[in-house]
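Here is how names work: the chains are called A, B, and so on, in the same order as the sequence lines, proteins then strands, and each is numbered from 1.
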Amino acid sequence: MLKINEKNKIYALVDCNSFFCSCERLFRPELNNAPVGVLSNNDGCFVSLSKELKVLGVPMGTPYFKVKDVCMKNNVSVFSSNFSLYSNLSDRVMQTLSQFSPRMEVYSIDEAFLDLTGFKNLNEYARMIKKIVERNTGIPVSIGVSSSKTLAKLANHIAKKSKKAEGVVVLLDQSRQDIALSKTPIGKVWGIGRALEVKLQLMGLRTAKDFRDYKNDLYIKKMFTKVGLQIKEELQGYDRFSLEELTKPKKSIMCSRSFGTPIYKLEDLKKAVANYTSSAFESLRKQKSTCGEIGVFIRTSHHHRNKTYKATNYIKLLSPTSDSRKAISCANLILDRIYKKGYKYKKAGVYLNSLQQESKKQMSLFENYDDEKALKLMQVMDRINSIEGKGTLRVAACGAGNKAWAMNRNHLSPRYVSGWSNLKQVK
DNA sequence: TCTGGGGTCCTAGGACCC
DNA sequence: TCTGGGGTCCTAGGACCC
């Protein structure tokens, strides 16, 4: 099999600092240097912690009741989560980021990868991105730049921690990579979770550098599957998890909640699940999919041994649907099957599986470009030129297939140049 | 007493077919 | 009585992420 060995990509990972906390702070500037935390549904656990709260020794995911005292004593501002606000602000951040590269992957609500391949003065460019995002949205970000997503992620991690870095780390030369990787515990590497961490440590691999330099690839593949080997190669700087610009439609959708107060009765479960079903179907219709299978689960608390019960069951639909009323009657049927009397239910949810697109017309950002997208490309070009000098990059639009790209002049092929005049006309 | 919600990908193993 | 072997598809469950 051909192994592609060129390290020719450059990715930036832009990550919002303590995102939910930062969102809350936008409306309470007086909290800017104070400890802030945001809680999950039912105010269960912390899902976002400001730097000042982390310093107090509260780890991510801690149940609130366990640290309530600490919070009171230290005057911590604790918020219930407000996801519609966060998702609004996220859109604004992403919108701003899209001005800095023609290729971008929105990875999560608070993170995006930018393809900066071919760009120069990366440090300066990244600092400009950081400054402009903060100015336009009020959300502070950290940026890590390197030749694979995994390394960019690692660089970002350092950018967050190191004071000297001031929020931006470009991790490209070998000696700096060696130092950074040798200081990174193996479990901190993106894609290495608790289970793999244990296995790797048993092999004597304690740091990211140990793993990167481990010689036996076949053994890695056997022990950690294809993905494990890919992570190792990403640490070596090879691009194995390439950028995914398209926001693909979801393959499954679920909606579930824990109950603040437990539920005992079947009819109450049915009401709750009906609500979850309608909101799951809203997402389903939004991405123009139909659903071919519906599943429901109910469970008691898993934190106490005695009298636990959990059950899941599915119904396959003869004809896929996006009509939530049909789905709700299925959900009720399932609940009739799995409900057992006498239990204290703490959580329930609905799964939508076997999703299919109603129409296959999925467009990438720059496919079927229109005036607006073309103008956006011009914007990107201006940004790039402002830092690298005019003429470094050129924006071209390709007539065939209606694709438009911004690219390095050196990589400009005649095929793309042909569309150049097109785009100028648009401007 | 009180412990989130929403996803993806991969593999092993069983069912089934020829 | 002896009881093959290879392929595909599906599902459950584990691992990971934010």
Side-chain angles (χ1 to χ4, degrees), chain A residues 13-20 37-49 58-69 71 78-83 86-87 90 105-113 149-150 153 156-157 186-200 221-231 234 240-241 244 247-262 272 275-276 279-280 282-284 287 292-293 295 297 299-305 308 310 312-314 316 344 346-355:
Chain A
L13 174 65
V14 185
D15 188 322
C16 302
N17 301 343
S18 305
F19 182 54
F20 300 164
V38 174
L39 298 172
S40 62
N41 173 251
N42 286 326
D43 295 343
C45 314
F46 278 103
V47 289
S48 180
L49 312 160
V58 175
M60 187 68 147
T62 313
Y64 181 43
F65 74 90
K66 282 192 179 172
V67 290
K68 213 166 182 172
D69 290 350
C71 292
V78 179
F79 294 88
S80 300
S81 45
N82 179 353
F83 276 94
Y86 308 150
S87 114
S90 170
E105 173 184 343
V106 177
Y107 179 72
S108 74
I109 193 163
D110 67 339
E111 280 172 79
F113 289 99
K149 283 178 164 181
T150 306
K153 195 91 183 167
N156 187 287
H157 191 71
I186 188 68
K188 292 274 180 208
V189 174
W190 191 39
I192 310 283
R194 279 238 291 281
L196 298 195
E197 182 184 10
V198 171
K199 280 200 209 170
L200 284 161
K221 195 169 175 184
K222 199 180 153 204
M223 291 287 287
F224 305 101
T225 75
K226 173 180 122 188
V227 182
L229 186 55
Q230 284 176 324
I231 295 173
E234 283 253 320
R240 293 290 181 262
F241 305 138
E244 287 174 28
T247 39
K248 294 182 194 150
K250 304 251 180 295
K251 295 174 178 173
S252 69
I253 292 173
M254 78 115 94
C255 180
S256 71
R257 293 282 181 282
S258 299
F259 307 129
T261 47
N275 280 331
Y276 306 157
S279 76
E282 263 178 49
S283 325
L284 183 79
Q287 67 166 34
E293 186 188 70
F297 76 88
R299 67 176 308 157
T300 56
S301 169
H302 58 284
H303 296 287
H304 310 286
R305 282 257 177 81
T308 62
K310 59 175 177 178
T312 314
N313 208 285
Y314 299 89
K316 280 204 165 64
K344 187 176 169 183
K346 285 293 288 180
K347 189 172 180 177
V350 60
Y351 300 109
L352 311 187
N353 294 334
S354 308
L355 306 191

Please name the pair of heavy atoms, one in [X] and one in [Y], separated by the smallest distance, quoted to 0.1 Å.
X: A/Q287; Y: A/L355; answer: NE2-CD1, 3.8 Å
X: A/E105; Y: A/K149; answer: OE1-NZ, 2.6 Å
X: A/K346; Y: A/P262; answer: CD-CB, 4.1 Å

- Item | Evaluation steps, side chain to side chain contact (heavy atoms under 4.5 Å, CB included), between A/V38 and A/F19 | CA-CA 10 Å; A/V38 174; A/F19 182 54; over 6 Å; no

- Message: With a 4.0 Å cutoff (strictly under), does any side-chain N or O of A/K199 reach OP1 or OP2 of C/dC16?
- Response: no

- Message: So, OP1 or OP2 of B/dC9: does either fall under 4.0 Å of a side-chain N or O from A/K251?
- Response: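 Yes, such a contact exists.
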
- Position toward the 5' end of DNA chain B (nearest nucleotide), A/S283 or A/T225: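 So the residue in question is A/S283.
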
- Would you mind telling me which residue lines up with the more 5' stretch of DNA chain B, A/F83 or A/M254, judged by nearest nucleotide? A/F83

Starting the side chain at C-beta, find the nucleotide from [options] nearest to [X].
X: A/W190; options: B/dG5, C/dC18, B/dT8; result: C/dC18
X: A/K344; options: C/dC16, B/dG4, B/dC2; result: B/dC2
X: A/S108; options: B/dG7, C/dC18, B/dG6; result: C/dC18
X: A/R194; options: B/dT8, C/dC16, B/dG5; result: C/dC16
X: A/S252; options: B/dT8, B/dG5, B/dG4; result: B/dT8
X: A/S40; options: B/dC2, B/dG4, B/dG7; result: B/dG4
X: A/I253; options: B/dG6, B/dG4, B/dG7; result: B/dG7

Starting at atom [atom1] of [X], determine the distance to atom [atom2] of [N], rounded to an integer number of angstrom.
X: A/K248; N: B/dT8; atom1: NZ; atom2: P; result: 10 Å
X: A/L355; N: B/dG7; atom1: CG; atom2: C1'; result: 12 Å
X: A/I192; N: C/dC18; atom1: CD1; atom2: P; result: 12 Å
X: A/E282; N: B/dG6; atom1: CD; atom2: P; result: 13 Å
X: A/F113; N: C/dC18; atom1: CZ; atom2: P; result: 9 Å
X: A/D43; N: B/dG5; atom1: CG; atom2: P; result: 12 Å
X: A/K226; N: B/dT8; atom1: NZ; atom2: P; result: 16 Å
X: A/R299; N: B/dG5; atom1: CZ; atom2: C1'; result: 13 Å

- Message: For A/E293, give me all partners under salt bridge (charged side-chain N to carboxylate O under 4.0 Å, His left out), at least two apart in sequence or on another chain.
- Response: A/K316

- Query: Any donor and acceptor pair, going by atom type alone, linking the side chain of A/N42 with main-chain N or O of A/S258 inside 3.5 Å?
  - Reply: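 Yes, the answer is positive, given that a donor and an acceptor are paired below the 3.5 Å cut-off.
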
- Task: Apply side chain to side chain contact (heavy atoms under 4.5 Å, CB included) to the pair A/F241 and A/I231, showing each step before the final yes or no.
- Result: CA-CA 9 Å; A/F241 305 138; A/I231 295 173; 4.0 Å; yes

- Query: With under 30° as parallel and over 60° as perpendicular, where do the rings of A/Y107 and A/F113 fit, or are they tilted in between?
  - Reply: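 Rings of A/Y107 and A/F113: perpendicular, over 60°.
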
- Name the orientation class of the two ring planes belonging to A/Y64 and A/F46 (parallel below 30°, tilted from 30 to 60°, perpendicular beyond 60°).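 Taking A/F46 first and then A/Y64, their aromatic rings stand perpendicular (interplane angle over 60°).
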
- Please report the C-alpha distance between A/K310 and A/K347 in whole Å, then the side-chain angles of each, then the deciding distance to 0.1 Å, and finally whether the side chain to side chain contact (heavy atoms under 4.5 Å, CB included) criterion is met. CA-CA 9 Å; A/K310 59 175 177 178; A/K347 189 172 180 177; over 6 Å; no

- Scan A/L196 against the nucleic acid and name what it touches under 4.0 Å (heavy atoms): base, sugar-phosphate only, or nothing. sugar-phosphate

- Task: Identify, with sequence neighbours excluded, every residue that meets side-chain hydrogen bond (donor to acceptor under 3.5 Å, both in side chains) alongside A/T261.
- Result: none

- Message: Quick check: A/F297 with A/Y351 (ring centres under 6.0 Å apart)?
- Response: yes

- Integer angstrom distance from the P of B/dT3 to that of C/dC18: 25 Å

Could you list, one pair per line, each protein nitrogen or oxygen that sits under 3.5 Å from a nitrogen or oxygen of nucleotides 10-13 of chain C, together with the distance?
residue	atom	partner	partner atom	Å
C/dT11	OP1	A/K316	NZ	2.8

- Item | Strand contacts (DNA chain B) in residues 61-69 of chain A, 4.0 angstrom heavy-atom criterion |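 By residue number: A/P63, A/F65.
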
- Message: In this structure, which stretches of DNA chain B are paired as stems of three or more consecutive Watson-Crick or G-U pairs, both distances less than 3.5 Å?
- Response: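 For DNA chain B the paired stretches long enough to count as stems (3 pairs minimum) are B:5-18 with C:5-18.
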
- Task: Mind checking side chain to side chain contact (heavy atoms under 4.5 Å, CB included) for A/K226 and listing every partner two or more places apart, or none if nothing turns up?
- Result: A/Q230

